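Accompanying notes for the structure given below.
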Amino acid sequence: MLFDQINRELELTERHLIVLQKVIEKGPIGILKLADETGMPTHKVRYSLRVLEQEHLIKPSSHGAMAGDMAEEFVEKFNENIGSILEKVNLISDLGDRL
């Protein structure tokens with residue numbers, strides 16, 4: 001289906017954002033505690049941590065994950081980036097109305 005990939009990406013992004021939020025709020029925090037706090041399986045938390053670390057949004061420590069160098073900038077630009085995505089969604093919605 002045309003929207004399956006978009007839905008999968010949105011679900012994955014949501015999961016990464018939930019993990020990032022917990023790390024920012026409660027870091028340093030380990031994988032098991034993150035899994036417990038989010039209700040996600042540890043393998044999904046581990047994957048999200050890996051992605052977030054590659055983006056420099058989190059960094060590992062001996063006590064668990066903590067906010068990384070780019071976390072503050074990411075949070076500051078979050079609404080701007082979401083606004084841009086919403087504009088695209090609205091354009092697509094308008095196209096759908098004309099089908």
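No experiment lies behind these values; they were computed from the predicted model shown.
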Path from [X] to [Y] over hydrophobic side-chain contacts below 4.5 Å:
X: L17; Y: M70; value: yes
X: I82; Y: I24; value: yes
X: F78; Y: V75; value: yes
X: F3; Y: V89; value: no
X: M40; Y: I29; value: yes

If you look only at distance, which donor and acceptor atoms sit under 3.5 Å apart when one is on a side chain in residues 58-69 and the other is two or more places apart or in another chain?
from: S61; atom 1: OG; to: H63; atom 2: N; distance (Å): 3.2
from: S61; atom 1: OG; to: G64; atom 2: N; distance (Å): 3.3
from: S61; atom 1: OG; to: G64; atom 2: O; distance (Å): 2.7

Interatomic distance, [X] atom [atom1] to [Y] atom [atom2] [nearest 0.5 angstrom]:
X: R98; Y: S93; atom1: CZ; atom2: OG; result: 10.0 Å
X: D97; Y: I92; atom1: CG; atom2: CD1; result: 12.0 Å
X: L86; Y: N79; atom1: CG; atom2: CG; result: 10.0 Å
X: R46; Y: L32; atom1: CZ; atom2: CG; result: 8.0 Å
X: T13; Y: I18; atom1: OG1; atom2: CD1; result: 11.0 Å

For S48 and V19 the tightest heavy-atom approach is CB-CG2, 3.9 Å
Between L57 and A71 the two heavy atoms that sit nearest each other are O-CB, 3.4 Å
The side-chain hydrogen bond (donor to acceptor under 3.5 Å, both in side chains) partners of E55 (sequence neighbours excluded) come to none
Salt bridge (charged side-chain N to carboxylate O under 4.0 Å, His left out) pairs touching residues 71-84, sequence neighbours excluded, are E73-K77
Residue pairs meeting salt bridge (charged side-chain N to carboxylate O under 4.0 Å, His left out), one or both in residues 84-96, sequence neighbours left out, come to none
In short, side chain to side chain donor-acceptor pair (under 3.5 Å) pairs touching residues 20-30 with sequence neighbours left out are Q21-E25, K26-E37
Quick note, ring-ring contact (aromatic ring centres under 6.0 Å, His included) partners involving residues 12-59, not counting sequence neighbours, are H16-Y47
What I'd like to find out is whether the side chain of [X] reaches to under 4.5 Å of the side chain of [Y], using heavy atoms alone.
X: L99; Y: L95; value: no
X: L12; Y: R8; value: no
X: F74; Y: L52; value: no

